[in-house]
Structures are given as structure tokens and as C-alpha cells.
Amino acid sequence: MSTERDWSVAVAAEADGVRVEIGLPDLAGKPVTAILALSREEARTLARALLAASGDAMERTFPRAP
């Protein structure tokens with residue numbers, strides 16, 4: 001199993017919130033970095049949504065036996 005990934009995520013605290021950078025090496029043939037400047041509350045909401053989405057994906061990938 002490969003441990004390499006083709007994307008990156010970096011998060012840094014800022015005076016008025018949080019900065020999230022998501023890097024994709026190839027989007028329509030060019031590298032792209034999305035920068036999200038979030039308040040702390042927005043960052044918490046995003047974190048909760050990502051956690052819920054990952055749990056949903058795990059449930060679909062590994063369904064419980066009947």
C-alpha cells in the first residue's frame with residue numbers, strides 16, 4: 001500500500017481565525033491551492049462536517065453485517 005498522496009492540507013492559526021490551505025497538484029492540468037480564511041466558529045463547523053462525512057464514508061465502505 002502506498003503512503004504517498006497527491007494532495008496536501010495545511011492549517012495555521014491566525015489572529016482572527018484559522019487559515020486552511022488545500023493543495024491539488026493537477027486540476028485541469030494545473031496545480032491549484034485553495035485558501036480558506038475562516039473564523040474559529042467556521043473552522044469548528046468545517047471540522048465537524050468533515051468528521052461526519054468521513055464517518056458516513058466508512059459506514060458505506062464497511063457496512064455492518066445483517
Side-chain angles (χ1 to χ4, degrees):
M1 179 175 174
S2 175
T3 58
E4 292 183 37
R5 60 179 186 237
D6 57 358
W7 53 271
S8 65
V9 174
V11 179
E14 292 191 337
D16 57 349
V18 178
R19 178 183 172 105
V20 180
E21 293 185 19
I22 303 168
L24 301 171
D26 185 9
L27 186 64
K30 295 183 179 183
V32 173
T33 300
I35 299 172
L36 306 174
L38 306 171
S39 69
R40 293 189 186 285
E41 186 57 37
E42 290 170 328
R44 287 184 188 102
T45 300
L46 176 62
R48 287 184 196 111
L50 291 172
L51 184 59
S54 67
D56 290 346
M58 285 294 289
E59 287 290 324
R60 280 189 225 99
T61 303
F62 303 105
R64 295 181 184 184

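Predicted model, so just to flag it, every value in this text is computed and none were measured. We number each residue from 1, following the sequence as shown.
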Spacing of I22 atom CD1 and L36 atom CG [to the nearest 0.5 Å]: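 These two atoms lie 5.0 Å from each other.
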L51 side, atom CG; L46 side, atom CG - distance, nearest 0.5 Å: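 L51 CG to L46 CG: 11.0 Å, rounded to 0.5 Å.
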side-chain contact (heavy atoms from CB on, under 4.5 Å) for L38 and V20? Distances and angles first, verdict last. CA-CA 8 Å; L38 306 171; V20 180; 4.1 Å; yes
Tell me which one of E42, R44, R40 satisfies side chain to side chain contact (heavy atoms under 4.5 Å, CB included) with V18.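 Among E42, R44, R40, the one meeting side chain to side chain contact (heavy atoms under 4.5 Å, CB included) with V18 is R40.
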Determine, using the 4.5 Å side-chain heavy-atom cutoff (strictly less than), whether I35 and L50 are members of one ILVMFWY cluster.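 Shared cluster, no.
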